[in-house]
Amino acid sequence: MTRSHRDESPDRLHVITGGRSSGADGALDAVTLVVAESAPAPGMQSEHAAILRLCRSPTAVVEVAAHLGLPVTVVRILLTDLIDTGQVTARHPVSAPSRTHPFASPDVLEKVLVALHNL
Amino acid sequence: MHSTTSEPVPESVGLPQTAAHALKIAVVGGFGVGKTTLVRSVSEIRPLNTEETMTRAGGGVDDLSGVEDKHSTTVAFDFGRITLDPTSVLYLFGAPGQKRFWFLWDRLFSGALGAVVLVDTRRIEDSWYAIDRLEQQGTPFIVAHNDFGGEAYSLEDLREALDLDPAVPLVRCDARERASAKQVLIALAEHVRSLAASRTPAQESAT
Ligand SMILES: Nc1nc2c(ncn2[C@@H]2O[C@H](COP(=O)(O)OP(=O)(O)OP(=O)(O)O)[C@@H](O)[C@H]2O)c(=O)[nH]1
Ligand SMILES: [Mg+2]
């Protein structure tokens, strides 16, 4: 199994996140689409700048993680920073299936089926 | 097989500016069963690889059996993507489905419209736990037998070996073939649609 940050020591990840662990990031789903609202500023933490460049077009949280070579957990924290300062906005998955409503809506399923048939 | 920060991100890889609704489908199964191959066959991007990590303090971890490091666990998964229309995009996650990984996937897969359990007849038992777990969660799923051309199994025998509910579709596929991988996803979407249609309001209030 490949590990994208095999050489990344826990210390380095600790520095990137400012020592915070996940907590206030509960709202960021793996497929929440994030979009940059501003350009990277000089002197900005390099990971923040990389996210702003990457997210010029909408990008899922997992894509940000893959492109930065960082675990999803760490990326959630970095994104939360940028969302808090308004540099990034989030487009959350709407009406996703849940325990109480386990099925996607008929409209969504129809859209998926049409697109799959056209693949 | 992994990307790094130094890798340039081509403009064409980005989603349309109008993209707003992301959906997900999980592809789970044992090691080497063809998860990445299936994702690659239908994805518009080369599958990307990343990791989910969780620490014991990270919350809600009550089953760490089989996990070597008690403090932090890291498991790789990969994913691909299909843009459905200017506003919607479908992500496909490929992840190992064995018991010791599920506490990581519960969050990753929550809100998934459905799941595909890939089965390899050389190691059927690798898929038992994933099937149990999806049943418990009430996540709609189908089972796809990725045929490696080993000992021939009829789908009936396989259904029995998996102790699979007759209502759960079981299909055969070749994950390397785009057309075959596409049929697997269509079978899943059709299954979810029929489940949703058969769940009348009366049944809903009865549960
Ligand atoms: N004969 C045959 N080979 C296949 C098929 N699907 C995948 N393979 C091969 O099986 C090997 C494993 O496939 P992967 O897609 O990497 O499997 P995986 O489930 O992602 O594996 P891990 O991520 O390591 O658990 C690769 O060499 C594939 O080319 C198939 O349908 N038939
Ligand atoms: Mg794989």
Side-chain angles (χ1 to χ4, degrees), chain A residues 1-6 10 13 21-23 29-33 35 46-47 50 53-75 91-106 108-117 119, chain B residues 1-5 7 9 11 14-17 19-24 42 48-55 57-59 72 74-76 78-79 81-85 88-91 93 96 107-108 110-114 137-140 178 182 185-186 189-190 192-193 195-197 199:
Chain A
M1 201 173 288
T2 47
R3 292 198 169 198
S4 50
H5 63 102
R6 206 172 2 231
L13 295 179
S21 61
S22 46
D29 190 273
V31 298
T32 292
L33 299 174
V35 191
S46 67
E47 289 80 12
R53 279 191 296 272
L54 183 63
C55 299
R56 281 188 289 227
S57 55
T59 309
V61 171
V62 282
E63 284 177 293
V64 176
H67 285 295
L68 263 59
L70 292 170
V72 178
T73 322
V74 170
V75 166
R91 301 174 184 176
H92 300 287
V94 286
S95 64
S98 64
R99 235 170 228 288
T100 41
H101 296 93
F103 308 121
S105 76
V108 166
L109 290 169
E110 202 51 46
K111 190 182 279 191
V112 170
L113 277 163
V114 167
L116 289 175
H117 279 290
L119 266 187
Chain B
M1 281 296 295
H2 59 265
S3 56
T4 65
T5 22
E7 193 171 78
V9 184
E11 213 66 53
L15 291 171
Q17 289 299 333
H21 310 303
L23 307 162
K24 53 189 166 182
V42 288
L48 294 170
N49 189 271
T50 185
E51 298 179 332
E52 188 67 280
T53 55
M54 194 171 280
T55 51
S72 159
T74 299
V75 186
D78 44 33
F79 62 93
R81 175 180 96 189
I82 300 169
T83 301
L84 301 176
D85 67 18
S88 304
V89 54
L90 173 64
Y91 284 88
F93 289 96
R107 179 172 185 184
L108 187 67
S110 77
L113 74 87
Q137 288 180 340
T139 301
R178 182 175 169 90
K182 167 179 155 176
L185 298 180
I186 289 173
E190 284 177 344
V192 180
R193 187 170 61 176
L195 284 174
R199 190 172 228 234

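Numbers restart at 1 for each chain; the letters A, B, ... are given by sequence-line order, proteins then strands. None of the values given here were measured: they were computed from a predicted structure.
Contact of A:E110 with chain B is made through the side chain alone, with heavy-atom distances under 4.5 Å. Residue contact with chain A, scored on non-hydrogen atoms closer than 4.5 Å, involves the side chain of B:S88 exclusively. Neither the backbone nor the side chain of A:V114 comes within less than 4.5 Å of any heavy atom in chain B. Residue contact with chain B, scored on non-hydrogen atoms closer than 4.5 Å, involves the backbone of A:H92 exclusively. Within the 4.5 angstrom heavy-atom criterion, no atom of A:P106 approaches chain B.
The shortest distance between side-chain heavy atoms of B:L84 and A:V112 falls below 4.5 Å. Looking at A:V31 and B:F79, their side chains never come closer than 4.5 Å, going by heavy atoms from C-beta outward.
Contact detail for B:T50 and A:L70: the closest heavy-atom pair is OG1-O, 3.4 Å. Taking every heavy atom of both residues into account, B:L113 and A:P97 meet most closely at CA-CG, 3.9 Å. For the residue pair A:P102 and B:G138, the shortest heavy atom distance occurs at CB-O, 3.7 Å. Considering every non-hydrogen atom in both B:K182 and A:L116, the closest pair reads CE-O, 3.1 Å. Annotation for A:S57 and B:G14: closest pair OG-CA, 3.3 Å, computed over non-hydrogen atoms. What you find for B:L108 and A:A30 is that their closest heavy atoms are CD1-CB, 3.5 Å.
Between the CG atom in B:L48 and the CD atom in A:E63 there is a gap of 6.5 Å [rounded to 0.5 Å]. Atom CG in A:L119 sits 8.0 Å away from atom CG in B:L185 (nearest 0.5 Å).
Per-residue heavy-atom pair counts under 4.5 Å with chain B were compared for A:S98, A:S105, A:P58, A:A104, and the maximum is reached by A:P58. Interface remark: of the candidates B:G114, B:A189, B:S110, B:A189 forms the most heavy-atom pairs closer than 4.5 Å to chain A.
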**Prompt:** For A:D29 and B:K24, what are the C-alpha separation, side-chain angles and deciding distance, and is it a salt bridge (charged side-chain N to carboxylate O under 4.0 Å, His left out)?
**Reply:** CA-CA 11 Å; A:D29 190 273; B:K24 53 189 166 182; 2.7 Å; yes
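Remark: the backbone N or O of A:R56 is paired with a side-chain donor or acceptor of B:Q17 at under 3.5 angstrom.
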